[in-house]
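I have placed the structure first, in the form of structure tokens, so that the comments after it can refer back to it.
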Amino acid sequence: MFKIRKAKDSDIPEVMKINLETLPENYWYGFYKNLLDNWGEAFLVAEKEGVLVGYAMSRIEEQSDPVLLGLAKDEVSVWRRVISTIKGDLRKVGHLVSIAVRAPYRRIGIGTALLRETISVVDKFYNAESLYLEVRVTNYPAISLYEKFGFRKARIVKGYYSDGEDAYVMVLRLKPTQA
Ligand SMILES: CC(C)(COP(=O)(O)OP(=O)(O)OC[C@H]1O[C@@H](n2cnc3c(N)ncnc32)[C@H](O)[C@@H]1OP(=O)(O)O)[C@@H](O)C(=O)NCCC(=O)NCCS
């Protein structure tokens, strides 16, 4: 059994360790602290027998890009992006910055539980219109997890990662689409 709970300041060093073990995208202490201080409801950890085994951290952004809002596919969005930007039509969206589970604890539903709670908090607590994330185009386990929750591949960002790999931007619309 494991439990999902909100992170505390004292969890940050262990979250940083999990991140270093599991992902090449690493951050400095202040980056984590800033997310926790500003969007603490969406900074989650998974705990099993008193050990931190995973985390998911998100922030809430103001965006006008219809792709990030889950309203358009990349190829039709160029003019809408320009128009939305000019109109200053900013809306609240969630950005899943990082999610990871320690290798020995994978495939038992912890990633699913972290993502389910993230979606719930970003939707209900922060009232965001969508949740988006970037993922390596070869990260099949993560892409499969996101697709199970209904995330769509909305855009490719060429050379997004520091080693040159491309990213998919994947988006989940949380609110009904208005006409
Ligand atoms: C992606 C990750 C968070 C999934 O965590 P997890 O706890 O193993 O996920 P779950 O056990 O809840 O699995 C949920 C679904 O994810 C997909 N999945 C997870 N691992 C997979 C794998 N090795 N191969 C294929 N699909 C996989 C499956 O669809 C799985 O559902 P299933 O078990 O019913 O087939 C984990 O693999 C991880 O930490 N990876 C390294 C960090 C990372 O890549 N993070 C994402 C960055 S964008």
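Atoms within a ligand are numbered from 1 in the order they appear, just like the ligands themselves. Since we're looking at a predicted model, the values are computed, not measured.
A donor atom on one side chain and an acceptor atom on the other are not found under 3.5 Å apart for His95 and Gln63. With 3.5 Å as the limit, one finds a donor-acceptor pair spanning the side chains of Asn19 and Tyr32. For the residue pair Thr138 and Glu165, a side-chain donor N or O sits within less than 3.5 Å of a side-chain acceptor on the partner.
Looking only at protein heavy atoms, the nearest one to atom 43 (C) of ligand 1 is Leu23 CD2, 3.5 Å. If you check which protein heavy atom lies closest to atom 26 (N) of ligand 1, you get Pro141 CA, 3.7 Å. What sits closest to atom 28 (C) of ligand 1 on the protein, heavy atoms only, is Ser144 OG, 3.4 Å. In terms of protein heavy-atom proximity, atom 4 (C) of ligand 1 is closest to Leu145 CD2, 4.0 Å. Of the protein's non-hydrogen atoms, Gly109 N, 2.9 Å is the one closest to atom 11 (O) of ligand 1.
At under 3.5 Å, a nitrogen or oxygen of Asn139, whether backbone or side chain, sits near a nitrogen or oxygen of ligand 1. Looking at ligand 1, you'll find an N or O of Val101 within less than 3.5 Å of one of its N or O atoms.
With Val135, Ile99, Ile108 as candidates, the residue nearest to atom 45 (N) of ligand 1 on a non-hydrogen basis is Ile99. With Arg106, Glu21, Arg107, Glu25 as candidates, the residue nearest to atom 37 (O) of ligand 1 on a non-hydrogen basis is Arg106. The residue among Ile18, Val97, Thr112 with a heavy atom at the shortest distance from atom 10 (P) of ligand 1 is Thr112.
Residue-level proximity to ligand 1 for Tyr146 is carried by the side chain, the only part with a heavy atom below 4.0 angstrom. Of all the heavy atoms of Lys148, the ones lying under 4.0 Å from any atom of ligand 1 belong exclusively to the side chain.
Thr22 contributes a side-chain N or O that, together with a main-chain N or O of Ile18, makes up a donor-acceptor pair within less than 3.5 Å. Judged by distance alone, the side chain of Lys175 and the main-chain N or O of Ala128 form a donor-acceptor pair under 3.5 Å.
A salt bridge between Lys3 and Glu49 is absent, with no side-chain N of the basic residue lying under 4.0 Å from a carboxylate O of the acidic one. Using a 4.0 Å cut-off between a side-chain N of Lys or Arg and a carboxylate O of Asp or Glu, Arg5 and Glu47 qualify as a salt bridge.
A cation-pi arrangement is present between Lys153 and Tyr168, with the terminal nitrogen or guanidinium carbon under 6.0 Å from the aromatic centre and inside a 45° cone about the axis.
How far OG of Ser120 is from CG of Leu131: 11.5 Å, rounded to the nearest 0.5 Å.
Every atom of ligand 1 with a heavy atom of Glu134 under 4.0 Å away is listed here by number and element: 48 (S). Contact atoms of ligand 1 toward Gly111: 5 (O), 6 (P), 7 (O), 9 (O), 12 (O) (distance under 4.0 Å to a heavy atom of the residue).
Of the protein's heavy atoms, at least one falls inside 4.0 Å of atom 22 (C) of ligand 1.
Residues in residues 32-45 take part in these salt bridge (charged side-chain N to carboxylate O under 4.0 Å, His left out) pairs, two or more places apart or across chains: Lys6-Glu41, Asp9-Lys33, Lys33-Asp37.
Not a single heavy atom of Glu147 sits closer than 4.0 Å to an atom of ligand 1.
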